[in-house]
Amino acid sequence: MERIVVGMSGGVDSSVSALLLKQQGYDVVGVFMKNWAEKDDNGVCTATEDWHDVQDVCDCIGIPYYAVNFEKEYWDRVFATFLEEYRRGRTPNPDVLCNREIKFHAFLDFALKLGATRMATGHFVRTDAPGGHTRLLRGVDANKDQSYFLYMLKEAQLARALFPVGGMTKAQVRELAARHGLPVSQKKDSTGVCFIGERNFRTFLQGFLPTTAGDIRTEDGRMLGEHIGLAYYTLGQRKGLGIGGGGDGRSWFVVEKDLQRNVLVVAQGEDSPRLFTRCALATQATWIAGEAPAPQGEPFRCTAKYRYRQPDQPVTACVVGDTLQLTADAPQRAVTPGQSVVLYQGEVCLGGAIVDQTANEPFAL
RNA sequence: UGGGGUAUCGCCAAGCGGUAAGGCACGGGACUUUGACUCCCGCAUUCGUAGGUUCAAAUCCUGCUACCCCAG
């Protein structure tokens with residue numbers, strides 16, 4: 001009987017994934033990952049509660065379970081980079097790295113050591129393998145599709161992974177959980193950085209980054225207020241600036257982080273031209289298939305998500321080495337250095353890259 | 001210390017005798033496996049201050065205080 005190790009988070013999706021695999025006759029083993037030690041804002045260690053839920057669920061399904069600790073790996077391979085990016089004034093996405101380095105690397109290795117041939121998670125994505133090449137496809141539930149977070153994976157990793165709920169809707173997953181009496185059927189979806197959880201992000205960052213106050217100014221230099229450190233803000237941000245009134249009375253948005261002068265530049269109005277760009281240069285391009293969708297330097301059409309859950313944006317892309325040049329058909333709002341842009345062709349997730357710069361004219365490659 | 005003007009929520013700002021609009025900020029919630037964005041709800045028994053007129057004042061009158069402008 002083929003053994004499958006399921007990454008159990010204590011949530012509904014991974015629980016139902018384990019349930020489905022068990023029903024399909026696999027030798028299912030549940031494994032809970034603990035990758036972050038701190039308690040949350042309320043002094044509660046959610047990891048402890050989640051671990052209890054995992055145990056309850058596994059008992060309910062009738063499968064063995066274990067816990068494994070990747071705190072060190074998480075810190076070294078994900079969090080260190082996360083902090084370094086913030087220090088550089090960028091806005092990283094730790095979860096895309098977490099998937100590449102932890103869930104589908106450290107954890108996958110662990111699963112294989114347990115004698116499994118493959119692993120499974122509760123991600124809302126699908127795979128197929130035409131011609132023996134595994135591809136990453138969007139989840140059937142367009143509203144929950146999580147392929148964005150898995151764009152950094154390689155074919156070899158995906159070939160070892162199963163995504164039992166990828167063909168279901170969230171509603172169906174909950175319904176199935178309820179029908180089988182899983183104790184987490186009504187548990188609220190978790191949000192926030194994976195393994196770190198929901199918390200006041202600014203307060204959280206203050207535990208790791210210095211607060212170097214500076215001016216908040218308009219593009220023409222008018223001083224409007226004070227910021228607590230550029231790392232604590234991101235492009236397109238509105239809340240938390242503490243500046244109101246003045247000008248035409250509309251809201252203020254972050255349009256630039258001037259590291260040299262330690263000035264946070266803001267502009268007024270959600271439609272400020274400074275908030276939009278059509279072109280982006282992204283680096284560290286990675287392709288699930290192992291190679292770019294088109295020959296070097298040759299433009300190709302596809303769609304892109306500049307952030308999770310953004311509707312697909314039609315773009316023209318061009319790859320040179322690990323650099324990706326993008327020109328969107330429509331201006332894009334607050335495309336942010338450090339964030340991931342993920343490319344698709346139809347249902348297939350091609351891969352993506354990390355935004356480095358933006359402009360209104362194409363970048364020369 | 002001569003003249004004129006303005007003082008309404010943290011900021012901007014309606015109100016012009018009939019019992020405090022709105023926007024921004026802020027707080028809470030929703031949405032969300034990143035950060036953001038977005039959406040919903042909340043947010044001045046009180047109008048610089050002390051008196052007066054009136055059935056009734058933020059709105060009229062007087063004193064005081066503060067700030068602004070023009071003159072000196």
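The sequence lines fix the lettering, A, B, ..., with proteins before strands; numbering per chain opens at 1. Since the structure is predicted, the reported quantities are computational estimates derived from the model, not experimental observations.
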When rounded to the nearest Å, what value does the distance between [atom1] atoms of [N] and [M] take?
N      : M      : atom1 : value
B/rC39 : B/rG23 : P     : 12 Å
B/rC9  : B/rA44 : C1'   : 5 Å
B/rA7  : B/rG48 : P     : 8 Å
B/rA66 : B/rU49 : C1'   : 10 Å
B/rC47 : B/rG52 : P     : 16 Å
B/rC55 : B/rA50 : P     : 23 Å
B/rU19 : B/rU62 : C1'   : 24 Å
B/rA20 : B/rU45 : C1'   : 10 Å

Minimum heavy-atom separation for A/Ile61 to A/Leu182, with atom names?
CG1-CD2, 3.9 Å
Can you list everything that forms a side chain to side chain contact (heavy atoms under 4.5 Å, CB included) with A/Lys170? Sequence neighbours excluded, please.
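If we apply the side chain to side chain contact (heavy atoms under 4.5 Å, CB included) test to A/Lys170, skipping adjacent residues, the hits are A/Val12, A/Asp13, A/Phe124, A/Asp141, A/Lys144, A/Arg174, A/Asp189.
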Under 4.0 Å, heavy atoms only, any strand: does [X] hit a base, just the sugar-phosphate, or nothing?
X        : answer
A/Gly249 : sugar-phosphate
A/Lys103 : base
A/Asn143 : sugar-phosphate

Report the base-pairing partner of [N] (Watson-Crick or G-U wobble, both distances below 3.5 angstrom), or none.
N      : value
B/rA25 : none
B/rC67 : B/rG5
B/rU38 : B/rA30
B/rC47 : none
B/rA13 : none

Please give, in whole Å, the distance from [N] [atom2] to [X] [atom1]?
X        : N      : atom1 : atom2 : result
A/Lys188 : B/rG29 : NZ    : C1'   : 10 Å
A/Asn93  : B/rU34 : CG    : C1'   : 4 Å
A/Gln310 : B/rU32 : CD    : C1'   : 14 Å
A/Tyr148 : B/rU32 : OH    : C1'   : 13 Å
A/Asn200 : B/rG29 : CG    : P     : 12 Å
A/Arg222 : B/rC12 : CZ    : P     : 12 Å
A/Asp248 : B/rG22 : CG    : P     : 19 Å

Of A/Phe149 and A/Ser251, whose nearest nucleotide on RNA chain B comes first from the 5' end?
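Closest to the 5' end, via its nearest nucleotide, is A/Ser251.
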Of A/Phe82 and A/Gly242, the one whose closest RNA chain B nucleotide lies more 5':
A/Gly242
Taking only residues two or more places apart in sequence or in another chain, which ones pass ring pair (Phe, Tyr, Trp, His ring centres under 6.0 Å) with [X]?
X        : value
A/Phe107 : none
A/Tyr148 : none
A/Tyr65  : A/Trp51

With ring pair (Phe, Tyr, Trp, His ring centres under 6.0 Å) as the test, would you mind laying out the steps for A/Phe208 and A/Phe79 before giving the verdict?
CA-CA 10 Å; A/Phe208 305 95; A/Phe79 206 68; 4.9 Å; yes
Base orientation of B/rC37, syn vs anti, 90° cut from 0:
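Here B/rC37 takes the syn form, which means its glycosidic angle is within 90° of 0.
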How about A/Gln313 and A/Asp329: does a side-chain donor come under 3.5 Å of a side-chain acceptor?
no
Please write out the pairs of protein N or O atoms and N or O atoms of nucleotides 35-38 of chain B separated by less than 3.5 Å, giving the distance to one decimal.
{"from": "B/rG35", "atom 1": "O6", "to": "A/Arg307", "atom 2": "NE", "distance (Å)": "3.0"}
{"from": "B/rG35", "atom 1": "N2", "to": "A/Thr234", "atom 2": "OG1", "distance (Å)": "3.3"}
{"from": "B/rG35", "atom 1": "N2", "to": "A/Thr336", "atom 2": "OG1", "distance (Å)": "3.0"}
{"from": "B/rC37", "atom 1": "OP1", "to": "A/Arg238", "atom 2": "N", "distance (Å)": "2.6"}
{"from": "B/rC37", "atom 1": "OP1", "to": "A/Lys239", "atom 2": "N", "distance (Å)": "2.7"}
{"from": "B/rU38", "atom 1": "OP1", "to": "A/Arg238", "atom 2": "NH1", "distance (Å)": "3.4"}

By side chain to side chain donor-acceptor pair (under 3.5 Å), A/Ser147 pairs with (sequence neighbours left out) A/Asp145, A/Tyr344
A/Leu209 side, atom CG; A/Tyr86 side, atom OH - distance, nearest 0.5 Å
8.5 Å
